[in-house]
Amino acid sequence: MEISLKKEKKEIHDQDFYFLRDFIYDNCGIYFRLEKKYLIEDKILARMEELNIRTITDYIYFLKYSGSKEDEMNLLYDFITINETSFFRNEPQFIVLKDEILKEIVKKDENYKFGLKTIRVWSAGCSSGEEPYTISIILNDYFGSFNNADDKWFTEIIATDINQSVLNKAIKGIYSDYSLRSTDPKIIDKCFNKISPKEFEIKDIYKQSIKFKKMNLLDSKSLSILPCFDIIFCRNVLIYFDLNSKKKVLEKFYELLKPGGYLFLGHSESLHGITAAFKLVLFQKALAYKKE
Ligand SMILES: C[S@@+](CC[C@H](N)C(=O)[O-])C[C@H]1O[C@@H](n2cnc3c(N)ncnc32)[C@H](O)[C@@H]1O
């Protein structure tokens with residue numbers, strides 16, 4: 001008789017997975033279909049083993065009530081979020097920002113605040129910072145060329161994400177050449193300090209206008225502290241949400257955008273079938289949604 005020495009593979013049973021999936025959904029809007037169970041199963045089981053927790057019910061109880069609740073939730077967000085990003089991702093949108101939208105905003109009077117002209121941009125779901133730093137590079141380049149003292153613009157970028165680990169990376173501002181794969185070498189030379197052959201640190205000037213903050217897009221209480229924005233970037237984030245969560249977040253974006261403000265979504269995303277509140281604007285190189 002052959003004795004199998006193969007260890008039995010542990011798994012999360014479907015009923016338990018539904019329970020965990022609902023907990024995740026209620027907390028951050030990310031919705032896992034059963035077919036996607038494999039994406040998180042091993043990580044969750046490994047964490048449960050580390051904690052010596054045997055059932056999903058106990059794991060959820062631990063997430064809700066343990067003394068280290070916040071750290072444990074951060075770890076869960078590490079397991080469940082996809083943080084893929086890069087500098088100048090979907091570049092045509094940044095060309096539209098620079099060539100069309102900034103020009104339009106500069107013409108608006110209501111951007112005066114206490115004698116200063118301000119422009120405020122939100123990178124919602126900013127991951128490890130490549131998106132907000134790209135925006136900062138564009139804004140610095142654009143407004144830095146205004147030499148007249150009367151033309152001084154104050155730029156503010158709020159960059160938020162639910163995942164604390166990626167935010168920590170963003171705050172450090174050190175990137176591999178892979179993150180810069182779509183970036184013009186001239187921009188790399190100008191905006192980064194090379195700290196090793198494959199490591200680049202974003203220069204301080206591009207950090208100054210960015211505030212990084214941990215924020216859950218589904219937590220309307222924490223969103224209520226946000227100011228109004230001229231432009232919101234929320235690219236490749238809503239794809240992980242179900243219709244209901246998308247609607248909730250988009251309602252909030254509408255409320256937080258100034259009239260005339262723009263929303264950018266990811267390359268493959270659209271508001272079709274979700275909301276008709278925004279006007280679709282087709283620029284030559286990319287599209288954006290406008291609050292009229
Ligand atoms: C694929 S990345 C997109 C990064 C960047 N916007 C881009 O397009 O390159 C999606 C990010 O959304 C964040 N995210 C997912 N659910 C979130 C939520 N409920 N609140 C805030 N951020 C969330 C994830 O942590 C992740 O960093």
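What's counted below: heavy atoms across the whole structure, side chains too, no hydrogens, waters or symmetry copies. Counting starts at 1 for both ligands and their atoms, following the listed order.
- Classification of the Tyr262-Phe283 ring pair by plane angle, with boundaries at 30° and 60°, yields tilted.
- Annotation: salt bridge (charged side-chain N to carboxylate O under 4.0 Å, His left out) contacts involving residues 19-34, sequence neighbours excluded, comprise Arg33-Glu35.
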For ligand 1, which of its N or O atoms have a protein N or O partner closer than 3.5 Å, and how long is each gap?
unit_1: ligand 1; atom_1: 6 (N); unit_2: Gly125; atom_2: O; d: 2.9
unit_1: ligand 1; atom_1: 6 (N); unit_2: Glu131; atom_2: OE1; d: 3.0
unit_1: ligand 1; atom_1: 6 (N); unit_2: Arg235; atom_2: O; d: 2.9
unit_1: ligand 1; atom_1: 8 (O); unit_2: Arg89; atom_2: NH1; d: 3.2
unit_1: ligand 1; atom_1: 8 (O); unit_2: Arg235; atom_2: O; d: 3.1
unit_1: ligand 1; atom_1: 8 (O); unit_2: Asn236; atom_2: ND2; d: 2.8
unit_1: ligand 1; atom_1: 9 (O); unit_2: Thr85; atom_2: OG1; d: 2.6
unit_1: ligand 1; atom_1: 9 (O); unit_2: Arg89; atom_2: NH1; d: 2.9
unit_1: ligand 1; atom_1: 19 (N); unit_2: Cys28; atom_2: O; d: 2.9
unit_1: ligand 1; atom_1: 19 (N); unit_2: Asn216; atom_2: OD1; d: 3.1
unit_1: ligand 1; atom_1: 20 (N); unit_2: Leu217; atom_2: N; d: 2.9
unit_1: ligand 1; atom_1: 22 (N); unit_2: Ile162; atom_2: N; d: 3.3
unit_1: ligand 1; atom_1: 25 (O); unit_2: Asn83; atom_2: ND2; d: 3.4
unit_1: ligand 1; atom_1: 25 (O); unit_2: Asp161; atom_2: OD1; d: 2.6
unit_1: ligand 1; atom_1: 27 (O); unit_2: Asn83; atom_2: ND2; d: 2.9
unit_1: ligand 1; atom_1: 27 (O); unit_2: Asp161; atom_2: OD1; d: 3.4
unit_1: ligand 1; atom_1: 27 (O); unit_2: Asp161; atom_2: OD2; d: 2.7

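- Checked options Ser123, Ser182, Ser86, Ser179; the residue passing with Glu130 is Ser179 (criterion: side-chain hydrogen bond (donor to acceptor under 3.5 Å, both in side chains)).
- Between Phe87 and Tyr175, the ring-plane angle classifies as perpendicular under the 30° and 60° cut-offs.
- At a threshold of 4.5 Å between non-hydrogen side-chain atoms, the residues Gln164 and Glu70 do not count as touching.
- Looking at Lys43 and Asp78, no side-chain N of the basic residue comes within less than 4.0 Å of a carboxylate O on the acidic one, giving no salt bridge.
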